[in-house]
Number of protein chains: 2
Amino acid sequence: MLEEGYAAVTVRRVAKSAGVSATLLHYYYATADDLLIALYSHASDKDLASLKSALAADDPLAALWAYQTDSTRTALGVEFLALANHRKSIRMKIVQFAEHARALQTKALADLIAPDSEFVPCSPVCVSMLLTSVSRNMIFESGVGISSGHAEARAFVQQTLARLKRKRMRPQPP
Amino acid sequence: MLEEGYAAVTVRRVAKSAGVSATLLHYYYATADDLLIALYSHASDKDLASLKSALAADDPLAALWAYQTDSTRTALGVEFLALANHRKSIRMKIVQFAEHARALQTKALADLIAPDSEFVPCSPVCVSMLLTSVSRNMIFESGVGISSGHAEARAFVQQTLARLKRKRMRPQPP
DNA sequence: GTCTATATAATGATAGAC
DNA sequence: GTCTATCATTATATAGAC
């Protein structure tokens, strides 16, 4: 899927790379869509674990950005999104996971960024959406060989995240 | 391509929707890749005209953002990018156009935004890359039904662009 | 130029042996 | 469970009539 796109993931090829016959895959997964859903389920479980681990790290903002810019994970995610675009059977699962991941990030970001430190305010859900946008596009473009502005965007995001970071305070007296 | 993805654009289906036989298409376009290249060439010519028109508008920053968030144009662009990801024959043309469009935007932005008005500096090429990222992801997600953070991100971009806008000055004395 | 007919390969899915 | 064999469909591409 990473190398040739979602359209290259066929029952026969998955079966071959798993060393079994195509019929056996049909035995476990009645349709090709069922197989893709199972693949996505596996990938999204891994994603969710990585995301939760990042949000629990020492520097959650930096870890979140590292999670977002993991090229394998993000490239796979984009491929599944493209798949969702014209395979309605698996669209719902992908949308659900995307919304769930964004909600998790939003909730975490509410505690991680200072609410009033920005000239133009950007809410937690806005930060989550922007981070996802930049990383997805950067990984996607890198995959085909586009690189203009990538280093600058990466530096900008990192500096902005550092600036947004809420300073940890001692517990306030009541 | 918009409704079913790039994989649905086959010689047969294009021929049928054009009311001719598939063989006739092969007469004009030897291979399926040649056909896709011709389709992309047509689409990118239109894109380039729209971009140049936007950059020559009264409010180029607002027009650029309108260009970037044109859903048909952007969704098609994303589809071609996905195609480039695993059809090497047309990858080069797509990369060339993407780099060209980014360079055009970068050059225009250098005159449109104030260089030192930002807390964390973001160069013109960085602005171009970020705008493309946000619009692409917003359109892409909207297409499958993801919408969290979209309104916030859109408002943030518009406010930020307004704030970045370089005030037009009278010609300076030498 | 434009067509019908066809060669070849790959797809999803099923029947039925073991 | 796991396999071979097979069907129907669709893809790219070509041969050859007109």
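Here is how names work: the chains are called A, B, and so on, in the same order as the sequence lines, proteins then strands, and each is numbered from 1.
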(request) State yes or no: do I139(A) and M129(A) share one hydrophobic cluster built from I, L, V, M, F, W and Y residues joined by side-chain heavy-atom distances below 4.5 Å, directly or via other members? (result) no

(request) Compare the minimum distances between each of dC3(D), dT4(C), dG12(C) and the side chain of S21(A), then state the nucleotide with the smallest one. (result) dC3(D)

Between the protein and nucleotides 13-18 of chain D, which nitrogen or oxygen pairs are less than 3.5 angstrom apart?
unit_1	atom_1	unit_2	atom_2	d
dA13(D)	OP2	A32(B)	N	2.6

(message) I want to check one thing: is the phosphate of dG1(C), taken as OP1 and OP2, less than 4.0 Å away from some side-chain N or O of Y27(B)?
(response) yes

(request) Take the protein atom CG of D34(A) and the nucleotide atom C1' of dG12(C), then report the distance between them rounded to whole Å. (result) 12 Å

(request) Could you check how far NZ of K16(B) sits from P of dT4(C), rounded to whole Å? (result) 14 Å

(message) What's the angle between the local helix axes at either end of the helix from dG1(C)-dC18(D) to dC18(C)-dG1(D), using five pairs per end and rounding to 10 degrees?
(response) 10°

(request) Tell me, please, which residues at least two apart from E99(B) pass side chain to side chain donor-acceptor pair (under 3.5 Å). (result) S148(A)

(request) Write down the distance between CZ (R87(A)) and P (dT11(C)), rounded to a whole number of angstrom. (result) 13 Å

(message) Tell me whether S53(B) contacts the main-chain N or O of A49(B) through its side chain, where contact means a donor paired with an acceptor under 3.5 Å.
(response) no

(message) If the condition is ring pair (Phe, Tyr, Trp, His ring centres under 6.0 Å), which residues does Y67(A) pass it with, not counting sequence neighbours?
(response) none

(request) Please check if any side-chain donor atom of Q68(A) sits under 3.5 Å from a side-chain acceptor atom of T132(A), or the reverse. (result) yes

(message) Which residues pass the side chain to side chain donor-acceptor pair (under 3.5 Å) test with T31(A), not counting sequence neighbours?
(response) D34(A)

(message) Rounded to whole Å, please give me the gap between CG in L24(B) and C1' in dG1(C).
(response) 7 Å

(message) Going by ring pair (Phe, Tyr, Trp, His ring centres under 6.0 Å), name the residues that satisfy it together with H150(A), two or more places apart in sequence or in a different chain.
(response) none

(request) Looking only at non-hydrogen atoms, find the nearest pair between N85(A) and R91(A) and report the distance. (result) O-NH2, 3.0 Å

(message) Nearest whole Å is fine: how far is dT11(C) C1' from L25(A) CG?
(response) 14 Å

